[in-house]
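Pasting a structure below so you can have a look.
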Amino acid sequence: MLARRCLSRHLHSSSNHIVSRQNNGHFAPDSNLSLLCLNGRLSDALLAMAFLGPEVCFHGYDSLITQCIGLGALREGQRVHAHIIKTLYHPNVYLETRLLIMYVKCGSLRDARMMLDGMPQRSIVSWTAMISGYSQSGLHSEGLDLFLQMLKTGMKPNEYTFATALTSCTGPFGLENGIQIHSLALKSNFDTHIFVGSSLLDMYAKSGKIHEARRIFDMLPERDVVSCTAIISGYAQLGLDDEALDLFRKLFNDGMECNYVTFASLLTALSGLAALNYGRQVHGLVVRREVPFYVVLQNSLIDMYSKCGNVAYSRRIFDSMPERTTISWNAMLVGYSKHGLGHEVVKLFKSMNVVKPDGVTYMAVLTGCSHGGLVDEGLDIFESMLDEKSVKPDIEHYGCVVDLLGRAGRIEKAFNFILDMPFEPTSAIWGSLLSACRLHANVHIGEFVFQKLLDLEPENAGSYVILSNLYANAGRWEDVLKVRQLMKEKTVTKEPGRSWIDLEKTVHTFHSGDRTHPQKEVINAKVMELFVKIKEAGYVPDLSCVLHDVDDEQKERILLGHSEKLAIAFGMMHTSYNGTIRIVKNLRICVDCHNFAKFVSKVCERELSLRDKNRFHLVVGGSCSCGDYW
DNA sequence: GTAGGGTTAG
């Protein structure tokens, strides 16, 4: 009230009489201004500023800037700055830095940089604030350049500067720069500072150097929620889901503090493991602890439920969200897409109106159409993407179109599409066409595509297997032998296949031809039992799936040792009669295991949910939700 | 006055 009364007196006065009278009293001429700011009345404070003219001093400006920062009010901040210039007030380094910070926080890096460049003297705070501005806007190289420039002036970085600069160490030269900053931090004795240390370990984890990240984490003299979350999410982001979960369990038992970021990172690891039971427990814990359901956490829950096979529950969470980001929509679309629910994907995509789709959205929609068999809808959406130009399609989007055309049997069209693309085709794109050639028995184009793949990645076993399948289906056994010979020459290596099943609270993992599992004999006997049963129903092992140069009997044995079959058998032994058996495979499922699962589902009347590297296969009554195209 | 961890896709 006092402030308002004073202001109105100022505003109604035509002279500086009142101002000077106040000046002779207890208050500085601009103290009312600070009061107005304290009361959150920025527009009144700005009026007072205009009225006071050159009478505004340090505290008045400082209060105004604080208020502008709090409200993110750029235009108002600019007015304050303009007033300083107009009234020929000489701000000190502190006030200039505050203006710089105001520009950074209000999102105008250009103004902030002009401020910094115009400063006759710069403090470590001004440098750090500017570097932080760049790093938070993702302008990492600008941030690092400025950091270097700062070092050249002889200015010594403090713990704030190190923590900030390290976040800019990402991308191609991230590790190189990060290591140099690390050695500087060591020299300055900042490497075990909790903020610098978390930033350091995060930098190493994001560069794939998880052991170095862990070493730094273990060296920290104290731990807090951020450093613990950084190391857990480091493991999760590299796909080291077991390690992420193990470390979380350990730290949690030691009493670590958790917040919504910790749980979001943990859920990423659980999504990777498809550990539905554990995921449910975490969800329950989050509810019991009343952790606020920020969008990020809900997005993680959507993802976890869908990747654990329960896409309907994902939708429940999605529907309950008071606010959604593009990532929420993307997570939901990806969920439907991986389950082959093409119609749901298109329906949901068309209902997106508040938030804008991005590249990931289109990837999810196009793969959803492809997996769901909605070829024409997918092609239309790609066309609309080209027309609207709001999102520029990249090579992965073109890859989806190749997949769509290939699935529909339009092999030649897909081939020409690849040749006309504005990108150099990758092995993934040729690989997609090769699969289509196998499905539609197009040996001619298949052979050509295989040659391309041989040039690009001769060591990839997948292409040899598909070509071998293609020849086998065409009855060209001599060519099958040739492919096998070629493979021997090229010394093919591949990521070992493994499958796992989450029962109760344990994840049981199986490797191909597993000889170490404690229950291996019982499991093998179960596989054999299933094999005999389904053979009677017409199952024929697809020997072209075996890469080794051995006799047919041996091939059959190898096929029966595939990790998917071991996991299926184990699941049959340990789940109730009616329940769905949920298996996860780290690679794409092989044709023979897919067929095996279909026969098992029919003969044993069990529902199987198989998650492979790309999608879910819901196998019921002898057929699969993928329509045999994957 | 300046600082560290997070969700979808690949």
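By convention in this document, chain letters (A, B, ...) are assigned in the order of the sequence lines, proteins followed by strands, and residues within each chain are numbered from 1.
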Identify, residue by residue, the members of residues 284-304 of chain A with a heavy atom below 4.0 Å from DNA chain B, and return them in order of residue number, or none.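 By residue number: A:Val296, A:Asn299, A:Ser300, A:Asp303.
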
Taking side-chain contact (heavy atoms from CB on, under 4.5 Å) as the test, write out the residues that go with A:Val287, two or more places apart.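 Applying side-chain contact (heavy atoms from CB on, under 4.5 Å) to A:Val287 gives A:His283, A:Phe293.
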
Might you confirm whether atom NZ of A:Lys585 has over 12 heavy atoms from other residues, nucleotides or ligands at distances under 6.0 Å?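 More than 12 heavy atoms, drawn from other residues, nucleotides or ligands, come within 6.0 Å of this atom.
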
When all nucleic acid strands are considered with a 4.0 Å heavy-atom cut-off, which category describes A:Lys206: base, sugar-phosphate, or nothing? sugar-phosphate

Would you mind classifying the nucleic acid contact of A:Ser199 as base, sugar-phosphate or nothing, using non-hydrogen atoms under 4.0 angstrom?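 Contact class for A:Ser199: sugar-phosphate only.
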
So what does A:Ile194 hit on the nucleic acid, given a heavy-atom distance under 4.0 Å: a base, only sugar-phosphate, or nothing? base

How would you label the contact of A:Ser328 with the nucleic acid (heavy atoms, under 4.0 Å): base, sugar-phosphate, or nothing?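 Counting heavy atoms under 4.0 Å across all strands, no contact is made by A:Ser328.
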
Does either side chain, that of A:Thr128 or that of A:Thr164, offer a donor lying less than 3.5 Å from an acceptor on the other one? no

So what does A:Phe162 touch, heavy atoms closer than 4.0 Å: a base, only the sugar-phosphate, or nothing?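 Nothing, no heavy atom under 4.0 Å.
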
So A:Asn259, base contact, sugar-phosphate only, or nothing? Heavy-atom distance under 4.0 Å.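 Contact class for A:Asn259: base.
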
Considering residues at least two apart in sequence or located in another chain, which fulfil the side chain to side chain donor-acceptor pair (under 3.5 Å) criterion with A:Asp394? A:His397

Name the nucleic acid region contacted by A:Val196, choosing base, sugar-phosphate or nothing; use a 4.0 angstrom heavy-atom cut-off, strictly under.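 Here A:Val196 touches no strand at all.
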
Could you tell me the boundaries of the chain A footprint on DNA chain B, defined by atoms under 4.0 Å from its heavy atoms?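 Listing 5' to 3', DNA chain B meets chain A from B:dG1 to B:dA9.
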
By the 4.0 Å heavy-atom rule, please label A:Glu257 as base, sugar-phosphate, or nothing.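 No contact.
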
Near A:Phe173 CZ, under 6.0 Å, is it more than 12 heavy atoms from other residues, nucleotides or ligands? no

At 4.0 Å (heavy atoms only), tell me whether A:Glu96 reaches a base, stays on the sugar-phosphate, or touches nothing.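 Result for A:Glu96 = nothing.
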
Within the 4.0 Å heavy-atom criterion, would you say A:Asp224 contacts the bases, only the backbone, or no part of the nucleic acid?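 Result for A:Asp224 = base.
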
CE of A:Met385 to OG of A:Ser390, rounded to nearest 0.5 Å, is 8.0 Å

Mind checking A:Val93 for me? I need base, sugar-phosphate or nothing, with any heavy atom below 4.0 Å counting as a touch. base

Indicate every side-chain donor-acceptor pair of residues 186-193 of chain A with a distance under 3.5 Å to a residue at least two apart or in another chain.
unit_1   : atom_1 : unit_2   : atom_2 : d
A:Ser188 : OG     : A:Leu184 : O      : 2.8
A:His193 : ND1    : A:Phe195 : N      : 3.0
A:His193 : ND1    : A:Val196 : N      : 3.4

Using a cut-off of 4.0 Å on non-hydrogen atoms, how would the nucleic acid contact of A:Thr262 be classed: base, sugar-phosphate, or nothing?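 Base contact - A:Thr262 has a heavy atom under 4.0 Å of at least one base atom.
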
Kindly check if the number of other-residue, nucleotide or ligand heavy atoms within 6.0 Å of OH (A:Tyr89) is above 12? yes

Throw together a table of side-chain donor-acceptor distances under 3.5 angstrom for residues 150-160 of chain A, partners on residues two or more places apart or in other chains.
unit_1   : atom_1 : unit_2   : atom_2 : d
A:Thr153 : OG1    : A:Met150 : O      : 2.6
A:Thr153 : OG1    : A:Met155 : N      : 3.4
A:Asn158 : OD1    : A:Tyr160 : N      : 3.0
A:Asn158 : OD1    : A:Thr161 : N      : 2.9
A:Asn158 : OD1    : A:Thr161 : OG1    : 2.7

Give A:Ser233 one of three labels, base, sugar-phosphate or nothing, depending on what nucleic acid heavy atoms sit under 4.0 Å from its own. sugar-phosphate

